[in-house]
Visitor: 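The structure is given below, and queries will be raised subsequently.
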Amino acid sequence: MELLKSEKLWFLTNKEPIKPQLIDHLFRHHYGKMVSVLTRIFGLSHLEIIEDAIQDTFIKATISWKNTPPEYPEAWLTQAAKNRVLDIFRKLKAERKRIPHIQSGMEAIAIHDLFLDSEIEDSQLRMIFTACHPELAPQDRIAFALKTVSGFSIKEIASALLTKEDTIKKRLTRARAVIKSKAIVFQIPQGNALPERLESVMEVLYLIFNEGFHSNKKDILIRKELCAEAMRLCKMLFKNKETTTTAAYALFALMCFHAARIDSKTSIDNELLDLRHQDRSLWYFPLVKIGDDAMHKAVDNESYSCYHYEAAIAAEHLKARTFEETNWQAILKWYRLLYDLQPIPIHLLNMAVVELQDGRHSESYTLLQQLQPESLGQRAYLYYGTLTEYYIQRKDFPKAIEHIDKAISLVTNQLEKKYLEKKRLSLLI
């Protein structure tokens, strides 16, 4: 399990006690890896005990590192996870004679090997595909994957999936129950079972990235660590010849294109900036190049997924040197193809926004009339924000204020709320 260079430097130079947020970061970075490896060792039937063991490991780290942080925390966590192997055996009331064999025999070598980077990745792929098993209900799959693979809390999963925490608890309980009752095997599917499962896997990775790129949390808009986690997991698909597909490459390209713009989404004062006002010199074009390379592999055949079209839309924005040079007609073409493939409300709303940006007010309004705000869930404020812009362009400022007030009342993220409040103030001047 590789520790980031910045983390190593911090631990080698910092003499202060470890801060809780760094423990949180390490938890996020290593939880899914540890759960996956231990599940491979002990089996899915013991998943809850395994998750408890990993929680215990991080609680122990929080206490042990309070005054004396280890020089290499990643190595500490790895060793602690290995030690928990024996603890789990005891909890499972394993035969006493088996414990010495694990400590010194062939089983000990096998367990050690499973903590090699290549085996960790294989274990995580198995966990992702297990989470997306067809025996699990679609909504349960996503919640279970976010919990076991990426270490999301129940609150974070509820936020990402726009639902209640109690609902998520029930989904996780159902998923674990089905895994036990159906004796689901911890493996990557083969043959005809693979394509459908891979589609669910990519949907989960897409959700993880989206929660990082545009978080539903109240006080944070961007969560870079989630974007990085989604990209890391997506890259794992390419390392296995059975899971390498053009759609997976398109999804990775989409992530690269969006991630390249992250540093321009907020100002130095931590204010939200829309695309028109973003500093394009902050866009990270080496990452765009990586996305371009992935996109070339994504179009090896003419079978295009929703990720192909979303990546094409993101690429159009990156091509424009200024906001005014944006090719809105090309973006609208991609959105129409996307909507044909995936007719969901958010794509219809985005088409309305594009029509508006290109000055076609009536076409935009016609699309907005086809939408019900509640169909957008927690993103309903975007509907009223778009109507606000429509009325601004029509110079109907009373109507614009009426709709921006609705948007402000519905938005939960504080940065977005401040953005809308600032825009409202400009309408009064």
Side-chain angles (χ1 to χ4, degrees), residues 206 210 213-214 250-251 253-262 264-266 272-285 287-288 291-292 295 298-299 304-371 373 375-376 379-396 399-400 403-404 407 416 419-420 423 426-427:
Y206 179 84
N210 272 2
F213 188 70
H214 195 132
L251 174 59
L254 171 62
M255 292 177 180
C256 289
F257 293 155
H258 281 326
R261 295 195 296 106
I262 278 181
S264 69
K265 289 188 69 179
T266 54
L272 174 63
L273 297 174
D274 57 31
L275 197 56
R276 182 188 294 274
H277 296 100
Q278 288 176 15
D279 182 353
R280 298 185 179 219
S281 69
L282 296 177
W283 291 0
Y284 190 63
F285 283 95
L287 193 52
V288 176
D292 283 337
M295 203 60 188
V299 293
Y304 299 146
S305 65
C306 58
Y307 307 118
H308 283 81
Y309 296 128
E310 288 200 46
I313 291 163
E316 289 293 344
H317 287 299
L318 291 166
K319 288 177 188 175
R321 291 177 299 174
T322 65
F323 182 81
E324 289 70 25
E325 294 179 60
T326 305
N327 187 341
W328 296 111
Q329 278 298 303
I331 291 174
L332 183 61
K333 177 189 75 174
W334 295 124
Y335 265 125
R336 283 172 174 162
L337 289 168
L338 177 59
Y339 187 73
D340 287 342
L341 187 65
Q342 197 179 47
I344 59 177
I346 192 66
H347 297 332
L348 204 60
L349 178 66
N350 284 326
M351 282 194 285
V353 171
V354 172
E355 294 278 26
L356 204 55
Q357 296 290 2
D358 214 22
R360 291 185 293 276
H361 306 124
S362 60
E363 289 86 345
S364 177
Y365 189 74
T366 298
L367 289 169
L368 288 170
Q369 292 298 101
Q370 297 175 42
L371 283 167
S375 67
L376 296 165
R379 304 287 191 193
Y381 67 94
L382 295 173
Y383 170 83
Y384 293 107
T386 305
L387 269 175
T388 298
E389 187 61 32
Y390 168 78
Y391 284 114
I392 289 173
Q393 291 194 20
R394 299 300 298 267
K395 300 191 184 304
D396 188 342
K399 280 283 189 182
H403 286 90
I404 203 167
E416 291 184 281
Y419 169 83
L420 291 170
K423 188 169 185 177
S426 70
L427 296 176

Visitor: Can you sort out the partners of His347 under side chain to side chain donor-acceptor pair (under 3.5 Å), two or more places apart, ordered by chain and number?
Guide: Gln342
Visitor: Find out whether Phe213 and Ile262 are in side-chain contact, i.e. whether some heavy atom of one side chain is under 4.5 Å from a heavy atom of the other.
Guide: yes
Visitor: Nearest 0.5 Å, what's the CD1-SG distance between Ile344 and Cys306?
Guide: 8.0 Å
Visitor: Could you tell me which residues satisfy side chain to side chain contact (heavy atoms under 4.5 Å, CB included) with Ser281, sequence neighbours excluded, listed by chain and number?
Guide: Asp279
Visitor: Among residues at least two apart in sequence or on other chains, which ones pass side chain to side chain donor-acceptor pair (under 3.5 Å) with Trp283?
Guide: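 Listed in chain order: Ser264.
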Visitor: Could you grab the distance from atom OG1 of Thr388 to atom CD of Gln393, nearest 0.5 Å is fine?
Guide: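 Going from OG1 on Thr388 over to CD on Gln393, the span is 11.5 Å.
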Visitor: According to side chain to side chain contact (heavy atoms under 4.5 Å, CB included), who are the partners of Ala314, at least two apart in sequence or on a separate chain?
Guide: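 So Ala314 forms a side chain to side chain contact (heavy atoms under 4.5 Å, CB included) with Leu254, Phe257, His258.
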Visitor: Going by the rule ring pair (Phe, Tyr, Trp, His ring centres under 6.0 Å), which residues pair with Tyr419 if we only count those two or more places apart in sequence or in a different chain?
Guide: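 Checked Tyr419 against ring pair (Phe, Tyr, Trp, His ring centres under 6.0 Å); zero matches.
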Visitor: By salt bridge (Lys or Arg N to Asp or Glu O under 4.0 Å), which residues pair with Lys319, not counting sequence neighbours?
Guide: Glu316
Visitor: Can you name the nearest heavy-atom pair linking Ala352 to Ser364, along with the distance?
Guide: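 Distance-wise, the nearest heavy atoms are O-OG, 2.8 Å.
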Visitor: What residues, two or more places apart in sequence or in another chain, satisfy ring pair (Phe, Tyr, Trp, His ring centres under 6.0 Å) together with Tyr391?
Guide: His403
Visitor: Looking at side-chain heavy atoms only, is the closest gap between Tyr284 and Val288 below 4.5 Å?
Guide: no
Visitor: List in chain and number order the residues that pass ring pair (Phe, Tyr, Trp, His ring centres under 6.0 Å) with Tyr339, two or more places apart in sequence or in another chain; answer none if no residue qualifies.
Guide: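 For Tyr339, no residue satisfies ring pair (Phe, Tyr, Trp, His ring centres under 6.0 Å) once neighbours in sequence are set aside.
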Visitor: Verify side-chain contact (heavy atoms from CB on, under 4.5 Å) between Tyr365 and Gln369, making sure each step is shown before the conclusion.
Guide: CA-CA 6 Å; Tyr365 189 74; Gln369 292 298 101; 3.4 Å; yes
Visitor: A side-chain contact here means heavy atoms from C-beta on lying under 4.5 Å apart; do Thr386 and Leu349 qualify?
Guide: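 They are in side-chain contact.
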Visitor: Looking at side-chain heavy atoms only, is the closest gap between Glu416 and His214 below 4.5 Å?
Guide: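 Yes, at least one pair of side-chain atoms sits under 4.5 Å.
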Visitor: So, for Gly291 and Ala253, which heavy atoms are closest and what is the spacing to 0.1 Å?
Guide: O-CB, 3.4 Å
Visitor: In chain order, what residues pass the salt bridge (Lys or Arg N to Asp or Glu O under 4.0 Å) check against Asp358, with sequence neighbours excluded?
Guide: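 With sequence neighbours excluded, Asp358 shows a salt bridge (Lys or Arg N to Asp or Glu O under 4.0 Å) to Arg360, given in chain and number order.
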Visitor: Are side-chain heavy atoms of Arg261 and Leu318 found at a separation under 4.5 Å?
Guide: yes
Visitor: Shortest non-hydrogen contact from Glu355 to Arg336?
Guide: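 Of all heavy-atom pairs spanning Glu355 and Arg336, the closest is OE2-NH2, 3.7 Å.
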Visitor: Tell me, please, which residues at least two apart from Arg276 pass side chain to side chain contact (heavy atoms under 4.5 Å, CB included).
Guide: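 Side chain to side chain contact (heavy atoms under 4.5 Å, CB included) check on Arg276 returns Asp274, Phe323, Glu324, Gln357.
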Visitor: Do you know the tightest heavy-atom contact between Ala380 and Pro373?
Guide: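 Distance-wise, the nearest heavy atoms are CB-O, 3.4 Å.
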Visitor: Under the side chain to side chain contact (heavy atoms under 4.5 Å, CB included) rule, collect the residues that match up with Thr366, sequence neighbours excluded.
Guide: Gln370
Visitor: Does Lys265 have any salt bridge (Lys or Arg N to Asp or Glu O under 4.0 Å) partners at least two apart in sequence or in another chain, and if so, which?
Guide: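 Salt bridge (Lys or Arg N to Asp or Glu O under 4.0 Å) check on Lys265 returns nothing, list empty.
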Visitor: Taking it one step at a time, do Lys423 and Glu389 satisfy salt bridge (Lys or Arg N to Asp or Glu O under 4.0 Å)?
Guide: CA-CA 10 Å; Lys423 188 169 185 177; Glu389 187 61 32; 2.8 Å; yes
Visitor: How long is the gap from OH on Tyr381 to CG on Leu376, to the nearest 0.5 Å?
Guide: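 Rounded to the nearest 0.5 Å, the OH-CG separation comes out at 10.0 Å.
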Visitor: Do Leu368 and Glu363 have side chains that get closer than 4.5 Å, going by heavy atoms?
Guide: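 They are not in contact (no side-chain heavy atoms under 4.5 Å apart), so the answer is no.
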Visitor: Quick one: CG on Leu387 to CG on Asp396, what's the gap to the nearest 0.5 Å?
Guide: 11.0 Å
Visitor: Could you grab the distance from atom CD1 of Ile331 to atom OH of Tyr309, nearest 0.5 Å is fine?
Guide: 16.0 Å
Visitor: Can you tell me how far CG of Leu338 sits from CD1 of Ile313, rounded to the nearest 0.5 angstrom?
Guide: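 Ile313 CD1 to Leu338 CG: 5.5 Å, rounded to 0.5 Å.
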Visitor: Under 3.5 Å, is there a donor on one side chain and an acceptor on the other for His308 and Ser305?
Guide: yes
Visitor: Which heavy atom in Leu287 sits nearest to a heavy atom in Ala260, and how many Å separate them?
Guide: CD2-N, 3.7 Å
Visitor: Is there side-chain contact between Leu348 and Tyr335, with at least one heavy-atom pair below 4.5 Å?
Guide: no
